[in-house]
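Below is one structure, written out as structure tokens; comments come after it.
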Amino acid sequence: MHRRELLRLLGLSTLAGAVGCVEQPASAGPAGATRRTAAGAAFVPDVEFTLTAAPSDVSSLPGAPTRVWRFTGSLVTGPANTLETLPGSYLGPVIRLRRGQQVRVRFANQLGEDSIVHWHGLDVPDSADGHPRLAIGHGQEYVYDFTVTNRAGTYWYHPHPHMRTGAQVNQGLAGLLLVSDDDEDALALPSGEAELLCVLQDRRFDARNQFVYQGGGQMEMMNGFLGDRSLVSGQLQPTREVDAGWHRVRLLNGSNARIYKLAWSRNLPMTVIGGDGGLLERPVVQRTLTLAPGQRADVLLDLTGLGAGTDVHLDSVAFPEADAGVGMMGMMGGSAPVPNGAPLRMMTLRTRARAGVVFQVPDRLPTFDASWSPRPEARVRRVPLAFQQMQWLLAGRTFSMNEVAADETVAAGSTHVWEFVNQSNGMGMEMAHPIHVHGRQFRVLDRTGGRATNALRAGIVDAGWRDTVLVLPGETVRVQVTFTSHAGLYLYHCHILEHEDMGMMRNFRVT
Ligand code: C2O
Ligand code: CU
Ligand code: CU
């Protein structure tokens, strides 16, 4: 099919102005102003820190430093290990919280444009959830008050301003947020040096070592932005020295649009013990692990007995590009420089001559969801994912700041089944979409349809609590969610950040 013909079929002669979502961000108040959440005077924080987003320089490549945007933290009250700065990384501090803590964060915006922070995976009041309507301007401060009610697990934080999330995250704004609790402590998982924190991202650099974003214009945006270099926690293909023992590897896919199909070299298994919302009921052992943007995994790795100087690689192994879908670029016969599915070396673990932690993987992991069960009587809502009129749509709609449809209104604490149906647009254009729901974690009930041969499916772990689920081309994925008990306005969206920014996002209201 010729390009021009295709554009005509799509109802367009040029791409300019094709993206309809041009709402301006809500105008922020005067500089120096503070906005606070509604916790009230009774809220006495156990932990308080400031988090400032500002330009900064890091050296990523030999030569000129890379100008990035970075979160920096400063602890006011709370345990000394609450904030851990990652040296030489553009990532924000690792935030370590404990279940039950009351937390106050003072977010200061020094970016020169609007922003707001979202705590991905945490169940917090809507005033603390980082909805784009709450964005603050340069020089302003936003005060978050919330109680950590989530289970121990690997969560994260990133900006969520209207139409600028992809650009701000690509520029460096993101960080890990780790929650611990007594049940997890009781397991005595490998910790300290034996706990590896790995934020998987990709970036594109120009000749002067600066991040490139949206170089390919709107076509590239519709596909999702893919870098051509892989980074782990801000380092290009790092090598880390580790002991020859057990490790707990916490993985976050913090990429804008890249899907990883992860595997260890030397045929070591992926022993997955945790997902988005903490530990699974029992370990899942498989060859590969599919991790889509926004998703996390907790993995155990046994390096016991490896001689000093042995290299173990974490790779994203090859899969057919079409298994992640055919976006606009694919339809036009083009591709990103390093498309989804291209093999990528992520990092290398090099053993030193020191025996490490000894650990025994338990058959069952502590779980708080003994009471969880499928609810066949729950109301089922169908949510199609589709491309029409040059827009990615969610439930047939596009994002509008305050709009909520009738079927997007749910009662606090009520249980629903949402059925994500990934549809082709009839011309074969379809992509895998990682769908994220704010607030409470959900369970995946089942996954049907799609191509039986899709190479990504074997790596998907649907067990346990999730807040982001990958829906492959042609698939229907049903999730059961019990909504947050906080009333207010929350979001659900595709976590390909360019899809989110272009409007593949909607509000839901908890009443
Ligand atoms: Cu991690 Cu609404 O996003
Ligand atoms: Cu989120
Ligand atoms: Cu998407």
Side-chain angles (χ1 to χ4, degrees), residues 92 115-124 126 128-135 146 150 153-166 168-170 173-177 199 201 220-226 252-259 276-277 292-296 324-328 340 383-388 391-395 398-399 420-425 429-442 465-473 475 477 481 484 489-508:
S115 194
I116 194 71
V117 180
H118 168 59
W119 318 99
H120 181 127
L122 295 193
D123 182 7
V124 296
D126 81 326
D129 196 48
H131 189 283
R133 78 186 189 286
L134 304 172
F146 60 86
N150 283 70
T154 309
Y155 304 92
W156 66 302
Y157 61 98
H158 60 76
H160 221 302
H162 190 40
M163 298 175 72
R164 290 288 292 163
T165 298
Q168 292 192 4
V169 171
N170 186 75
L173 295 173
L176 283 169
L177 192 161
V199 180
Q201 293 180 312
E220 188 168 52
M221 294 296 281
M222 282 183 249
N223 234 36
F225 180 78
L226 297 169
L252 155 68
N253 183 346
S255 309
N256 284 30
R258 186 173 295 279
I259 298 171
D276 299 338
Q295 295 185 312
R296 287 85 69 206
V326 180
M328 279 309 289
N340 251 320
V383 182
L385 319 173
F387 188 83
Q388 269 167 37
Q391 304 253 22
W392 287 108
L393 303 179
L394 191 56
T398 183
F399 183 68
F420 302 114
V421 185
N422 195 343
Q423 300 171 329
S424 164
N425 71 339
M429 181 162 163
E430 52 184 12
M431 286 181 70
H433 301 282
I435 302 296
H436 171 50
V437 183
H438 282 214
R440 199 67 69 77
Q441 301 279 321
F442 54 75
W465 294 101
R466 302 275 145 193
D467 57 47
T468 308
V469 66
L470 183 61
V471 188
L472 297 173
E475 276 188 339
V477 176
V481 51
T484 179
L489 200 60
Y490 291 88
L491 297 163
Y492 64 112
H493 57 87
C494 178
H495 221 286
I496 292 177
L497 297 181
E498 291 71 31
H499 291 183
E500 170 187 335
D501 281 341
M502 290 169 58
M504 196 181 190
M505 173 160 81
R506 289 290 299 178
N507 290 310
F508 66 93

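Whatever order the structure lists ligands and atoms in, that order sets their numbers, starting from 1. Hydrogens, waters and symmetry mates play no part in the numbers below; they use all other heavy atoms, side chains included.
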Counting backbone and side-chain atoms alike, does His120 have an N/O/S atom under 2.8 Å from the Cu ion (ligand 2)?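 Within the cut-off used here (under 2.8 Å), His120 places no N, O or S atom near the Cu ion (ligand 2).
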
Between the Cu ion (ligand 2) and His160, is there an N, O or S atom separated by less than 2.8 Å?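 For His160, the answer is no, given that no N, O or S atom comes within less than 2.8 Å of the Cu ion (ligand 2).
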
Among the N/O/S atoms of His120, which is closest to atom 1 (Cu) of ligand 1? Give the atom name.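 Going by distance to atom 1 (Cu) of ligand 1, the closest N, O or S atom in His120 is ND1.
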
Do you know which N/O/S atom name in His495 is closest to atom 1 (Cu) of ligand 1?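 Sorting the N, O and S atoms of His495 by distance to atom 1 (Cu) of ligand 1 puts NE2 first.
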
Between His160 and Glu500: side-chain donor-acceptor atoms closer than 3.5 Å: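 On atom types as modelled, these side chains qualify, holding a pair under 3.5 Å.
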
Would you say His120 and Asp467 are linked by a side-chain donor-acceptor pair, where the criterion is simply a distance under 3.5 Å?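 Yes, side-chain donor-acceptor contact under 3.5 Å.
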
Within-2.8 Å protein N/O/S contacts of the Cu ion (ligand 3):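 Near the Cu ion (ligand 3), the protein supplies His433 ND1, Cys494 SG, His499 ND1.
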
For Asn150, check side chain to side chain contact (heavy atoms under 4.5 Å, CB included) against everything at least two apart and list the hits.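 By the side chain to side chain contact (heavy atoms under 4.5 Å, CB included) rule, Asn150 matches Leu122, Asp123, Tyr155, Gln441.
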
Any donor-acceptor pair under 3.5 Å from [X] side chain to [Y] backbone:
| X | Y | value |
| --- | --- | --- |
| His118 | Tyr157 | no |
| Arg296 | Asp276 | yes |
| Asn256 | Leu497 | no |
| Asn422 | Val471 | yes |

Name of the residue among His495, His433, Glu498 meeting side-chain contact (heavy atoms from CB on, under 4.5 Å) with Met504: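 Of all the options given, the one that passes is His433.
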
Parallel, tilted or perpendicular for His438 and His493, by the 30°/60° rule?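 The rings of His438 and His493 stand perpendicular, inter-plane angle above 60°.
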
Name of the His436 N, O or S atom nearest the Cu ion (ligand 2)?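 It is NE2 of His436.
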
Looking at atom 1 (Cu) of ligand 1, is one of the N, O or S atoms of His436 less than 2.8 Å from it?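 So His436 does not count as coordinating atom 1 (Cu) of ligand 1.
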
